[in-house]
Amino acid sequence: MESAKAARRVTRTSRTSRTSRTSRTTRTSRTFIAVAALLGGGTLWAAPAGSAEPDPARTASYQIGQFNMAGGNAEHGDTGDEAPDALVRSVQDRKPAFMTLNEGCADWSGRLRDRLAGEYEIFFDPVQTSAGGRMATCKHPVDLPPEQRTQFGNGLLVRNDLGFDRTTVKEHNLRSSADREQREMLCVTSPSRNLALCSVHLTHDSKPERRRESAEAKRVLDTEYAGFTKFVGGDLNAEPLHQAPDNFYDTGYGRGARGEFKEVDSHCGNDIRWGDVIGAPFPVFLWCRDGERTTGDRKIDFMFVPKSVHVDWADVTNAIHSDHRLLWAGVTF
């Protein structure tokens, strides 16, 4: 197990894939109509004019992102360099401060490192198939048996000018059951800026597992990263009103929320509340715990930011080489 863990940490830099916008939608047609009425039919969420603005003399604006690269997906995981190269193009275009990445591959991380050297660093954390078991693998190279294919895992992409220190990278076990993939939360900090960034990917086929994993993630964030300005992104394999996200959403969102964050893609923007009754003659309650769909007709990808961070806008864009869409946001802190 130690040798497997020692082989885990890969690499350095990255940039992401040029993508096209997808229109904002939610999970039901009635809610979609309500959103359109509320937002005037726009595809891009933007902060209302009345939102509280941070002090411009003490802050700066950045783009941030979350993306599941689908390296473990049978349809997309056997893609060659096209997948990381597409991500590189998006990063070169947008110049994000950082991204959280799920279902990446060791060779894709190496490709990102090579293409983005000097500007970005990538950290990669392979996933074990079980406690003490072999490492999970991506769907390529296709000419090799599954156990010999490139390692599969999660990652972080950080811009070099923000002070993120590779010596602070840490993989936090999320107490997944021993016979399941060992989900971890990968984190790195910028001591000079007092920032912490974490990537999380919860179990896809068990609600109890997701609840346990997200509760452990909350405990780690509350204790080991207390006092940091924390950002958490990832594929939670759960929709916003499900129980696993309760551990991230700030208590003001209701529905059992017990976390400390706001989510960038809420139609409520920087306001943390239960939601709004909109529409006539048939009113619809639109939860603030919601956002654009990120895979199929579901939102399961999230980017959580502190309440002190101002969300300027958020958008979801299509990705050719993944079954997930990219989640982007403009933030000021």
Side-chain angles (χ1 to χ4, degrees), residues 24-28 31 35 65-73 99-104 125 127 136 152-154 172-177 180-187 198-222 230-268 272 274-275 285-305 314 316 319 322-327 329:
R24 173 175 300 275
T25 93
T26 51
R27 289 184 296 279
T28 70
T31 304
V35 173
Q66 150 64 23
F67 185 38
N68 183 316
M69 297 184 70
N73 180 279
M99 294 186 71
T100 52
L101 303 173
N102 304 133
E103 293 198 36
D125 179 29
V127 172
F152 163 92
N154 301 307
H172 300 278
N173 185 284
L174 296 183
R175 299 179 59 239
S176 304
S177 297
R180 288 181 170 271
E181 284 188 347
Q182 297 302 288
R183 302 293 172 146
E184 294 184 330
M185 182 168 66
L186 179 66
C187 299
C198 298
S199 175
V200 63
H201 187 199
L202 302 184
T203 293
H204 75 282
D205 60 351
S206 170
K207 291 180 180 179
E209 288 288 319
R210 288 195 292 271
R211 290 196 291 266
R212 179 166 55 252
E213 291 161 355
S214 62
E216 178 63 10
K218 180 184 186 303
R219 187 197 67 78
V220 170
L221 292 164
D222 289 346
K230 293 170 278 195
F231 299 82
V232 183
D235 173 1
L236 301 188
N237 275 307
E239 296 184 69
L241 296 180
H242 290 178
Q243 290 180 315
D246 286 349
N247 290 300
F248 301 101
Y249 276 107
D250 184 86
T251 57
Y253 285 105
R255 288 274 305 202
R258 50 185 171 271
E260 60 177 311
F261 300 101
K262 60 184 172 185
E263 209 276 325
V264 297
D265 204 29
S266 168
H267 80 273
C268 300
I272 296 175
W274 284 52
F285 189 82
L286 188 62
W287 295 96
C288 290
R289 286 176 60 162
D290 207 344
E292 290 187 70
R293 68 193 192 276
T294 59
T295 182
D297 63 354
R298 299 185 300 154
K299 174 181 172 60
I300 62 173
D301 296 88
F302 300 78
M303 176 58 73
F304 293 102
V305 303
V316 169
S322 176
D323 59 335
H324 287 247
R325 302 176 184 92
L326 294 97
L327 173 60

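This is a predicted model, so every value here is computed, not measured.
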**Study point:** Nearest-0.5 Å distance, CD1 of residue Ile272 to CD of residue Glu263
**Key:** 11.5 Å
Practice item. May I have the step-by-step check of side chain to side chain contact (heavy atoms under 4.5 Å, CB included) for Leu286 and His267, ending in yes or no? Key: CA-CA 9 Å; Leu286 188 62; His267 80 273; 3.3 Å; yes
Exercise for review: Check Ala314 against Val264 and note the closest heavy-atom contact, atom names and distance.
Suggested key: CB-O, 3.4 Å
Study note, to complete from the structure: Residue set satisfying ring-ring contact (aromatic ring centres under 6.0 Å, His included) with Phe231, at least two apart, ordered chain then number -> Phe98, Phe333
Review point. Can you name the ring-ring contact (aromatic ring centres under 6.0 Å, His included) partners of His242, sequence neighbours left out?
Key: none
Exercise for review: Taking only Lys NZ, Arg NE, NH1 and NH2, and the carboxylate oxygens of Asp or Glu, determine whether Arg210 and Glu213 approach each other closer than 4.0 Å.
Suggested key: no
Point to revise | With Asn247, the side-chain hydrogen bond (donor to acceptor under 3.5 Å, both in side chains) member among Arg219, Lys218, Arg258, Glu260 | key: Arg258
**Study point:** Residues in ring-ring contact (aromatic ring centres under 6.0 Å, His included) contact with Phe304, at least two apart in sequence or another chain
**Key:** Phe248, Tyr249, Phe302
Check your understanding: Of the non-hydrogen atoms in Pro245 and Pro240, which two are nearest, and what is the gap between them?
Key -> CB-O, 3.9 Å
Exercise for review: Quick one: list whatever passes side chain to side chain donor-acceptor pair (under 3.5 Å) with Arg180, sequence neighbours left out.
Suggested key: Asp205
Practice item. Could you walk me through whether Val232 and Phe261 pass side chain to side chain contact (heavy atoms under 4.5 Å, CB included), step by step? Key: CA-CA 9 Å; Val232 183; Phe261 300 101; 3.9 Å; yes
Review point. Once you round to the nearest 0.5 Å, how far does SG of Cys288 lie from CH2 of Trp274?
Key: 11.5 Å
Study note, to complete from the structure: For Arg183, the salt bridge (Lys or Arg N to Asp or Glu O under 4.0 Å) test, sequence neighbours excluded, returns Glu181
**Study point:** Any donor-acceptor N or O pair under 3.5 Å, side chains Ser176, Arg212
**Key:** no
Review point. Roughly how far, to the nearest 0.5 Å, is CE of Met185 from OG of Ser214?
Key: 10.5 Å
Check your understanding: In terms of side-chain heavy atoms, does His324 have a donor or acceptor partner in Asp301 at a distance below 3.5 Å?
Key -> yes
Check your understanding: Below 4.5 Å, heavy atoms only, C-beta onward: do Lys207 and Gln243 meet side chain to side chain?
Key -> no
Check your understanding: Does the Thr295 side chain pair with the main chain of Asp323, one donor and one acceptor, at a distance under 3.5 Å?
Key -> yes
**Study point:** Arg293 and Glu239 ion-paired at < 4.0 Å
**Key:** no
Review point. What's the verdict on side chain to side chain contact (heavy atoms under 4.5 Å, CB included) for Leu174 and Gln182, showing C-alpha distance, side-chain angles and the deciding distance?
Key: CA-CA 8 Å; Leu174 296 183; Gln182 297 302 288; over 6 Å; no
Practice item. Would you give the length of the straight line joining atom OG of Ser266 to atom CH2 of Trp287, rounded to the nearest 0.5 angstrom? Key: 12.5 Å
Point to revise | Shortest non-hydrogen separation from Lys299 to Leu327 and the atoms involved | key: NZ-CD2, 4.1 Å
Review point. Considering residues at least two apart in sequence or located in another chain, which fulfil the side chain to side chain donor-acceptor pair (under 3.5 Å) criterion with Arg255?
Key: none
Review point. Name the one of Asp235, Asp265, Thr294, Thr100 that satisfies side-chain hydrogen bond (donor to acceptor under 3.5 Å, both in side chains) with Gln66?
Key: Thr100
Exercise for review: For side chain to side chain contact (heavy atoms under 4.5 Å, CB included), just list the numbers for Leu221 and Cys198, CA-CA rounded to whole Å, side-chain angles, deciding distance to a tenth of an Å, and then say yes or no.
Suggested key: CA-CA 9 Å; Leu221 292 164; Cys198 298; 3.9 Å; yes
Review point. By side chain to side chain donor-acceptor pair (under 3.5 Å), which residues pair with Asn154, not counting sequence neighbours?
Key: Asn102
Check your understanding: So, does Ser199 use its side chain to make a donor-acceptor pair with the main chain of Leu186 at under 3.5 Å?
Key -> no
Revision key, fill the gap. Residues passing the salt bridge (Lys or Arg N to Asp or Glu O under 4.0 Å) test with Arg211, sequence neighbours excluded, are none
**Study point:** Gap separating the CD atom of Glu103 from the CG atom of Asn68, nearest 0.5 angstrom
**Key:** 4.0 Å
Exercise for review: Mind checking side chain to side chain donor-acceptor pair (under 3.5 Å) for Arg175 and listing every partner two or more places apart, or none if nothing turns up?
Suggested key: none
